[in-house]
2 protein chains.
Amino acid sequence: MANATLKKIAQVLEISVSTVSRALKDHPDISAGTKQKVMELAETLEYEPNAVAVNLRSKSTKVFGVMIPSITNNFYDSFVNAVEEEVKKAGYSLMILQSGDDPVTEIDNLKIYRQNRVSGVFVCLSKETTKIDAFDKMKDAEIPVVFFDKVPDDNAYDRVCLADKDAAEMAAEALLQKQKKNILAIFGNTQLSITKRRLEAFKESMKQNTAVNVSYEFAGNSEEADNIAQRYFQLKQMPDAVFCMSDEILVGLMKCVQQLHIKVPSQTGIIALSDGYFPKIYYPEITYVETSGYRLGKLACERMMECLKGKEETTELFVSSRFVEGGSL
Amino acid sequence: MANATLKKIAQVLEISVSTVSRALKDHPDISAGTKQKVMELAETLEYEPNAVAVNLRSKSTKVFGVMIPSITNNFYDSFVNAVEEEVKKAGYSLMILQSGDDPVTEIDNLKIYRQNRVSGVFVCLSKETTKIDAFDKMKDAEIPVVFFDKVPDDNAYDRVCLADKDAAEMAAEALLQKQKKNILAIFGNTQLSITKRRLEAFKESMKQNTAVNVSYEFAGNSEEADNIAQRYFQLKQMPDAVFCMSDEILVGLMKCVQQLHIKVPSQTGIIALSDGYFPKIYYPEITYVETSGYRLGKLACERMMECLKGKEETTELFVSSRFVEGGSL
DNA sequence: GTGAAAGCGCTAACAA
DNA sequence: TTGTTAGCGCTTTCAC
C-alpha cells in the first residue's frame, strides 16, 4: 500500500498523528512498545515521508539549483558531477537549469529557483550577461548564490574560480622553457572575463622574453580555431608551438593538425588549458595545465555549505592549477 | 519586500486570502477593481507563489526525475539537454541524479524521487542492474517511469530506445557496399543489451557475404579499444575497415590511428555508431550512423506526456537512425 | 508518554 | 462578488 501517511498509520493504530511522527523519529518521549508498533506498521505500509510537506513545514528544501549555459559541455559536466557527488552526502539534490547563454532565460530560471524555494544556487553566468541586478532578488529571498567559472566582477558576491592567471602563466613558462620562438596563441571569446584574465596573464609572462614572437588569435568555437590554425600552418614560417586557451580550441587545432599531417611535437609543440579529458584522446597526449571543473565543483560546495550556516563576508576563491605532462611539447 | 504571501497581501488590503488567490489567477468571479488592487500590491511586494505549498496542495510537483549512470557522458548530456528543453515548455524542471552504474544507488535515487513526489522519472539503467523490482514501487506510488537507452527486457515497462538493430545494419551494409574484406568490429561490454542488439544485427547483416572476414572484439572503454586496434594494425594483414559500436570505442581507435599514422580511408576505412560530436573532431571526419541522444530525449518526453494523461498500455518506441557521410570510409 | 491544536502557503467547495 | 472553512502531510508547542 503506497502513499501511506502519518494519518493513516495513526488511524490504524488508533493513536495520534503526533505520536506517530515522534515514534518514527525515535523521540525519547515515546515508549518502546509504541515505537515498535509504529515502526512495524510503517514498514509494512511502506510509509515514506512526503518531502513536499516536510519542506513546506520546515521552510527549507533539500535542493540546490545549478545554472549553467549548457549541459553539453565537458567542463560543466565535471562541475555538476562533483557537486552532485558532494551535496548528496548532506542529503541534497540538484535542480539543473540551462541558460543557453541567454540572459532572459537566466532571469526566468532564477524565478523558478525562488518559487521552488531551493536552498541555494550555483551559477555560471551566460556569455551575454552584463547586468546582474536580477541576482539581488535572490538575496531578498535569502537564497545564497555561489557563482562559479563565469562570475561577476562585483565583490558583493560569492565566487569560486579557476586560477586562470596561474594556469596561463604556467603554460607560458612551459613554452619559454622549451625555447619556443614563434608561438601561435589561440584564445576564446574576448567578451568573457575568463578570456581576459588568461590573455593578460599569458601576455605578461611572455614579456619576459622579447625574442619570442607570439601571434594572438581569437576563436569563438572549434571550427574557427581550425581555420586559424590552417592559416598559420600554411605559412612558410610555421609556428613552432601553439597555445590553446580551452578544450574547444584544442579540438579545432587538432583537426587541423590531422589534416595537414603536422608532426607533434617535432614540427610544432602544443599546450592547452583543459579539464583533462580531451588531451588524453590524442596521440601524443597533449601537455596541459589542468583547470578542473571537478575540483571547482568541490570548492563551490564547500563555500555553499558555509553560506548556509550563516556566512560572514563574500569571498572569491580559486582552484589551483596543475601542470600535466603529455608528449606534445 | 521578499517572501510575500497571499496572507500578507490579504491583510494589507483587508480582504480574504481566497479573494487574493482568485484575483491573482484572474478568476472571472472577482471584480475588476479588486483584481487591480491585488495585482498592483502583489507587484510592489514582489509576490511569488510558493511552489512547495502549491505542490502540497495539488499533490503534484512540476518536476521530473532523470536518472543516468553518469552525467559526464556526451550521449546522456544530449539526452538531458533535449529533455530539459522540451519539458520546460510545459513548466517542468528536472531533478537529475546519477546512479554511477551502481544498483544500490539506483534504488536510493528512486526513493528520493518518490519522497519528492516527482511527476515522473526518466531512467537509464546502470550497467550492473539485473533486478528491476525496485521499479514496481514507482508504480505503487503512481509515478510513471520511462526507460531510455538501457532498458529492461520486460514489456511491462515503457521504453524508448535507439534503433540499434537498424543502425548496426546500416553500418554493416555500408561496409559491404565498399567491398571491405577484412573488417575489425569492436563492440562494447557484452553484458549490455545494447551491445547484444548491435552485435546480433551486425553479424546477421554480415552473413550476406561469406567472403568477408570479420574479427569481433570487445572493449569496455577507450583504452581497451586502443589496445585492440594496436594489436590488429600491427599484423601484416591489416584490417581494411573498422567498425566502432560507440563513441568511446571510436575515440580509442582514433588514438591508435594517430599513433601508428594510419591513413584514413586509404589504408583503412572507419565507420561508427555515434551521437555525432566525436566523428566531427577528426580529419577526415568519421562516417557514422547517428544514434541521437537528443532525439531520444524528445521521444522520451513525448511518451512521458502521454503517460501523464492516463496512458493505456506500455510501449517500446524507437528513434530512427540516420547515415551521415564523413570521409572515413 | 501521549494527544490536541496550530500553522507552513495555497486552493476550492460551499455559503452568503 | 467575496468570505469561510477545510485540508494537503508534516512538525512542534503546550497541555494533560
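Please read these numbers as outputs of a predicted model, since none were measured by experiment. Chain A is the first sequence line, chain B the second, and so forth, proteins listed ahead of strands; every chain is numbered from 1.
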Which residues pass the side-chain contact (heavy atoms from CB on, under 4.5 Å) test with [X], not counting sequence neighbours?
| X | result |
| --- | --- |
| B/Thr105 | A/Lys88, B/Asp102, B/Asn109 |
| A/Thr34 | A/Ile15, A/Thr19, A/Ile30, A/Ser31, A/Val38 |
| B/Thr129 | B/Pro103, B/Glu106, B/Leu125, B/Ser126, B/Ile132 |
| A/Ser60 | A/Ser58 |

Distance check needed: [N] [atom2] versus [X] [atom1], whole Å only.
| X | N | atom1 | atom2 | result |
| --- | --- | --- | --- | --- |
| B/Glu14 | D/dG3 | CD | P | 11 Å |
| A/Gln11 | C/dA4 | CD | P | 13 Å |
| B/Leu56 | C/dC10 | CG | C1' | 9 Å |
| A/Ile15 | C/dA4 | CD1 | P | 11 Å |
| A/Gln115 | C/dC10 | CD | C1' | 13 Å |
| A/Asn116 | C/dC10 | CG | P | 13 Å |
| B/Asn55 | C/dG9 | CG | P | 15 Å |
| A/Lys35 | C/dT2 | NZ | C1' | 13 Å |

### Query
Using the benzene-type ring in the case of Trp, are the ring centres of A/Phe122 and A/Phe148 under 6.0 Å apart?
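Aromatic pair excluded; centres sit 6.0 Å or further apart.
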### Query
The side chain of B/Leu6 lies closest to which of these nucleotides: D/dG9, C/dC10, D/dG3?
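Closest of the options to the side chain of B/Leu6: C/dC10.
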### Query
D/dG9, C/dC8, D/dC10: which one has an atom nearest the side-chain heavy atoms of A/Lys59?
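Output: C/dC8.
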### Residues B/Asp29, B/Arg22: salt bridge by 4.0 Å N-O rule
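No, this pair does not count.
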### Task
Give a yes/no on whether any side-chain N or O of A/Lys7 is located under 4.0 angstrom from OP1 or OP2 of D/dG7.
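No, because none of the side-chain N or O atoms of A/Lys7 sits under 4.0 Å from OP1 or OP2 of D/dG7.
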#### Entry: Side-chain N,O (B/Lys8) to OP1/OP2 (C/dG9) below 4.0 Å
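No, because none of the side-chain N or O atoms of B/Lys8 sits under 4.0 Å from OP1 or OP2 of C/dG9.
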### Message
Please list, in numerical order, the residues of residues 16-34 of chain B that have a heavy atom closer than 4.0 Å to any atom of DNA chain D.
### Response
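Only B/Ser16, B/Ser18, B/Thr19, B/Arg22, B/Asp29, B/Ile30, B/Ser31, B/Thr34 qualify.
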### Query
Got a sec, which pairs hit salt bridge (charged side-chain N to carboxylate O under 4.0 Å, His left out) with one end in residues 145-158 of chain B, sequence neighbours left out?
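Those involving residues 145-158 of chain B are B/Asp158-B/Arg303, B/Asp158-B/Lys311.
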